[in-house]
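Structure, as structure tokens:
Heads up: numbering here begins at 1 and tracks the sequence. Everything numeric in this text was worked out from a predicted model, so none of it was measured.
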Amino acid sequence: MAPMNPAGDSGLKKELGLFDSTMIVAGSMIGSGIFIVSADIARTVGGAGWLLVVWLITGAVTIVAALSYGELAAMLPRAGGQYVYLREAYGPLAGFLYGWTLFLVIQTGTIAAVAVAFAKFTGVLVPWFSEKHVLLEAGLLRVSAAQALAMAVIAGLTALNLRGLKLGKFIQNLFTVTKIVSLCGLSLLVFYAWSRGSAGTDNAAAAWQAFWTRPQSGSEALSGGRLWAALGVAMVGSLFSATAWENITYTAGEVRRPERDVPLSLALGTLLVVVLYVSANLTYLAVLPMDAIRGAANDRVATAALSALFGAPGGLVMAGLIMVSTFGCNNGLILSGARVYYAMAKDGLFFERVGTLNRASVPGAALVLQGVWAGLLCLSGAYGDLLDYVIFATLVFYILTVAGVFVLRRTRPDLPRPYRAWGYPWLPALYLALSSAIALDLLVLKPAYTWPGVAIVLLGIPVYYLRRGRRMAAAEIPLDAK
């Protein structure tokens with residue numbers, strides 16, 4: 001299958017180096033999840049050991065997937081990234097369904113969720129931005145100060161990225177370096193915390209107690225199949241916290257040496273973040289007993305940990321650091337996501353206007369459209385719902401993309417492969433098996449969130465054929481032509 005749009009990257013400026021690319025990977029991954037989701041994981045699996053197992057499995061799965069994407073990134077170094085990989089492996093329908101879901105749920109939903117999280121932590125420092133402070137209420141529409149702030153952040157970052165890639169990457173590098181340093185500092189507190197109290201020792205002693213704590217029914221002991229099912233459900237939060245590393249592939253058309261720097265940045269960025277995430281959880285376990293982690297107010301585990309060590313000032317400092325983290329995360333998501341819609345429009349699969357560049361050589365119309373839809377999603381205000389909704393659709397396309405490595409090895413052996421997936425075929429196959437099991441687990445145990453995600457993907461099929469029919473009619477091509 002020949003590329004549908006080999007010249008689609010013309011006009012984009014190649015201004016991203018290896019450091020910039022790695023900062024996009026790490027910065028897009030580190031948002032608010034690492035500071036929050038361990039509370040829900042602890043409620044789902046019980047002991048400290050199982051909490052760490054969830055994060056370690058998540059890390060292993062993420063790194064293997066990133067290494068597999070590296071082969072595709074080196075082989076197809078074009079704007080749009082994962083959209084292009086799916087298009088080349090399975091045809092334009094698969095690429096469209098990914099872009100459709102990315103726009104409706106995955107990218108914009110994550111942008112909205114991270115913006116809402118930013119607003120929540122701003123409310124810790126400035127109570128006026130509380131979710132309880134309602135600014136507008138008219139029928140079903142209810143807008144709080146927190147929602148208004150979330151939408152304002154999305155609008156502001158969109159406006160900054162409209163001014164060019166240099167400004168966008170400067171913001172990304174600055175905020176990513178700041179939060180990496182902050183997470184390193186948090187991790188170093190484990191030694192201080194261990195010398196101050198017995199939480200770490202107590203958590204270690206009961207590390208392998210497994211139970212699921214539900215508000216309505218209390219605690220349920222876990223073993224055998226129930227334990228494995230609970231581990232899969234618990235990974236919703238950790239997987240969400242470890243997603244978005246693929247965003248660098250969207251901007252491949254603007255990387256100076258994409259065939260080298262995109263795969264390398266995927267490996268370096270994901271490895272760095274996984275180490276930081278596991279280290280942060282060790283700090284939580286050294287500071288807080290498991291009951292305190294499970295019962296952290298509003299799930300703010302990191303805030304509870306610093307408050308336990310340094311009192312109220314520690315909680316305020318952590319709130320500020322999370323604001324920095326979520327702000328930088330959203331910049332990376334906004335910067336990169338628009339490149340997918342731009343690539344789709346170049347293929348005739350999205351609005352034609354979205355496939356144009358503005359005076360700063362960035363896809364301005366795509367940035368604006370993405371910002372408007374993400375802002376509307378903020379009105380839901382439900383961070384947890386968006387998290388659950390996003391992760392399943394994301395996981396399905398991760399699975400299809402890694403499977404695309406196998407497909408393209410068979411169907412396109414002629415394509416140059418400067419980098420080949422490490423551990424092929426065993427590690428990618430192991431990833432596919434494990435991720436498929438997690439996806440099936442979520443379908444069964446979290447149907448309220450996962451099945452609507454499936455419906456969103458499937459609804460893209462008639463939309464694709466409707467748009468294809470209109471294109472063919474406009475070009476006066478017979479509808480039975482291929």
Side-chain angles (χ1 to χ4, degrees), residues 29 31-34 36-46 50-51 53-62 64-65 82 86 97-98 100-102 104-110 112-114 210-217 220 222-246 277 299 377 380 382-403 428-460:
M29 290 177 72
S32 62
I34 183 56
I36 297 173
V37 300
S38 289
D40 190 59
I41 295 172
R43 287 193 293 268
T44 306
V45 297
W50 295 115
L51 171 65
V53 165
V54 168
W55 282 104
L56 289 169
I57 293 175
T58 298
V61 165
T62 300
V64 171
Q82 189 170 352
L86 290 166
L97 291 178
Y98 175 69
W100 158 272
T101 312
L102 190 83
L104 287 184
V105 181
I106 298 174
Q107 195 78 359
T108 51
T110 305
V114 173
F211 52 91
W212 193 333
T213 303
R214 293 184 173 94
Q216 300 84 1
S217 56
E220 171 193 352
L222 297 172
S223 62
R226 290 290 297 168
L227 174 57
W228 287 107
L231 287 171
V233 171
M235 288 180 66
V236 168
S238 57
L239 284 171
F240 178 82
S241 303
T243 58
W245 45 266
E246 73 279 6
Y277 280 6
D299 288 353
L377 289 179
S380 72
Y383 176 83
D385 290 353
L386 288 172
L387 185 156
D388 285 341
Y389 201 47
V390 166
I391 191 57
F392 181 75
T394 304
L395 187 59
V396 168
F397 285 110
Y398 279 163
I399 292 168
L400 288 174
T401 306
V402 173
L430 180 62
Y431 170 85
L432 292 176
L434 183 58
S435 297
S436 298
I438 294 170
L440 181 61
D441 191 30
L442 295 178
L443 276 174
V444 174
L445 296 179
K446 289 224 170 186
Y449 301 116
T450 52
W451 284 107
V454 173
I456 287 287
V457 176
L458 296 179
L459 281 173

So which heavy atom on Ser241 is nearest to which on Val37, and how close? OG-CG2, 3.5 Å

Let me know which of Leu97, Leu395, Leu86 forms a side chain to side chain contact (heavy atoms under 4.5 Å, CB included) with Leu400. Leu86

All heavy atoms of Ala65 vs all of Tyr431, minimum pair found to be CB-CE1, 3.6 Å

Please test Trp55 against Ser38 for side-chain hydrogen bond (donor to acceptor under 3.5 Å, both in side chains), starting from the C-alpha separation and ending with a verdict. CA-CA 9 Å; Trp55 282 104; Ser38 289; 3.3 Å; yes

Is the closest side-chain heavy-atom distance between Val114 and Thr110 below 4.5 Å? yes

CD1-CH2 distance between Ile438 and Trp228, expressed to the nearest 0.5 angstrom: 10.5 Å

Minimum heavy-atom separation for Leu442 and Val236, please, with both atom names. CD2-CG2, 3.2 Å

CD-OH distance between Gln82 and Tyr98, expressed to the nearest 0.5 angstrom: 3.5 Å

OG1-CD distance between Thr394 and Gln107, expressed to the nearest 0.5 angstrom: 9.0 Å

Measure the spacing between CG of Leu434 and CE of Met235 and express it to the nearest 0.5 Å. 6.0 Å

Considering non-hydrogen atoms only, spot the tightest contact between Ala230 and Leu222 and give its length. CB-CD1, 3.5 Å

Correct closest heavy-atom pair for Ala229 and Leu445 would be CB-CD1, 3.8 Å

Can you tell me how far the CD1 atom of Ile106 sits from the OG1 atom of Thr101, to the nearest 0.5 Å? 5.5 Å

CG of Leu432 to CD1 of Ile399: how many Å apart, nearest 0.5 Å? 7.0 Å

Verify side chain to side chain contact (heavy atoms under 4.5 Å, CB included) between Thr58 and Tyr277, making sure each step is shown before the conclusion. CA-CA 10 Å; Thr58 298; Tyr277 280 6; over 6 Å; no

Does some side-chain heavy atom of Trp50 sit less than 4.5 Å from a side-chain heavy atom of Leu227? yes

Would you call Val454 and Leu443 a side-chain contact if the rule is heavy atoms closer than 4.5 Å? yes

What residue among Leu239, Leu231, Thr44 forms side chain to side chain contact (heavy atoms under 4.5 Å, CB included) with Val54? Leu231

Of all heavy-atom pairs between Ile41 and Ala234, which one has the smallest distance, and what is that distance? CG1-O, 3.4 Å

